[in-house]
Amino acid sequence: MSTNSLDIENEKSEYKNEVELIEAPIDYSVKHPLQNCWTLWYFENDRTQSWEKNQREIASFQTVEDFWSLYNHIKLASELKQGTDYSLFKKGIMPMWEDAANKRGGRWLISLEKRHRNKELDIYWLDIILCLIGEAFEHSDEVCGAVVNIRYKGDKIGVWTSDANNSASVLEIGKKLKERLRIPACTTIGYEIHKDTMDKTGSSSKYSYTL
């Protein structure tokens, strides 16, 4: 067989292998597990019910594929009614200050003006979710979850941590948030301790850390 014939046969063999790879069936049953199982909650205030009962558990997921399946079938945060919340927490942790995993902690708070609802809100919320489920923080073990509040005057997103006294982990999480959300250095975000928020007498509590 000539050199050209060998070349042609080799090309045919390579082409056949490529076709076989292209035509190989994709196994959609294979899923990519997350390090933690997460639960999505929805809050809508009904004055006839207790605050705890107004928290509705939507679904839990523990794989990348199940997350996107859920996310693609629910409303965006910007589409929610005034006065409602989405919360995403590690399974077994309720989105409430009194939960054992939260009571010694606090939250990094990002406030958005109402005019930013149709743009930044959904981007920020998704980026924060991906940080949580992707374990993007050096101290991800101290991250409990996140909450987005839809309000008339402006929206808020809070990232909750378990130990407000652990300044190293609190500050690392805050710095990573600013970096991932591309929040300008001139824009300050603050950390509120849950106990201070519960004990506040005015409309807002003081920040224990700022970045």
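Keep in mind the model is a prediction, meaning the values are calculated, not measured.
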In this structure, are over 12 heavy atoms from other groups packed under 6.0 Å from [X] atom [atom1]?
X: Gln82; atom1: CD; result: yes
X: Lys175; atom1: NZ; result: no
X: Arg117; atom1: CZ; result: yes
X: Lys103; atom1: NZ; result: no

Judged by atom type as modelled, is there a donor-acceptor pair below 3.5 Å linking the side chain of [X] to the main-chain atoms of [Y]?
X: Lys178; Y: Thr187; value: yes
X: Arg107; Y: Gly190; value: no
X: Asp122; Y: Ser78; value: yes
X: Glu172; Y: Glu138; value: yes
X: Asn54; Y: Asn45; value: no

Would Ile123 and Ile150 show up in the same hydrophobic cluster when neighbours are defined by side-chain heavy atoms closer than 4.5 Å?
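No, it is not one cluster - the side chains of Ile123 and Ile150 are not joined through contacts under 4.5 Å.
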
Are the side chains of [Y] and [X] in contact, using a 4.5 Å heavy-atom criterion?
X: Trp108; Y: Leu211; answer: yes
X: Leu112; Y: Arg151; answer: no
X: Ile128; Y: Val148; answer: no
X: Trp125; Y: Leu76; answer: no

What pairs with Arg56 under salt bridge (Lys or Arg N to Asp or Glu O under 4.0 Å), at least two apart in sequence or on another chain?
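Applying salt bridge (Lys or Arg N to Asp or Glu O under 4.0 Å) to Arg56 gives none.
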
Set of residues satisfying salt bridge (Lys or Arg N to Asp or Glu O under 4.0 Å) with respect to Glu179, sequence neighbours excluded
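With sequence neighbours excluded, Glu179 shows a salt bridge (Lys or Arg N to Asp or Glu O under 4.0 Å) to Lys176, given in chain and number order.
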
Do we see a donor-acceptor contact under 3.5 Å between the side chains of Thr161 and Tyr191?
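Yes - a donor-acceptor pair under 3.5 Å links their side chains.
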
Arg180 and Asp127: salt bridge (Lys or Arg N to Asp or Glu O under 4.0 Å), yes or no, with the steps?
CA-CA 7 Å; Arg180 286 292 292 265; Asp127 280 349; 5.7 Å; no

Taking the inter-plane angle between the rings of Phe89 and Trp160 on a 0 to 90° scale, is it parallel (under 30°), tilted (30 to 60°) or perpendicular (over 60°)?
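Perpendicular.
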
Mutual orientation of the aromatic rings belonging to Tyr71 and Trp68 [parallel < 30°, tilted 30-60°, perpendicular > 60°]:
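Answer is perpendicular, since the angle exceeds 60°.
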
Minimum heavy-atom separation for [X] and [Y], please, with both atom names.
X: Ser208; Y: Asp196; value: OG-OD2, 3.8 Å
X: Cys37; Y: Ser60; value: SG-CB, 4.1 Å
X: Leu109; Y: Ile189; value: O-CB, 3.8 Å

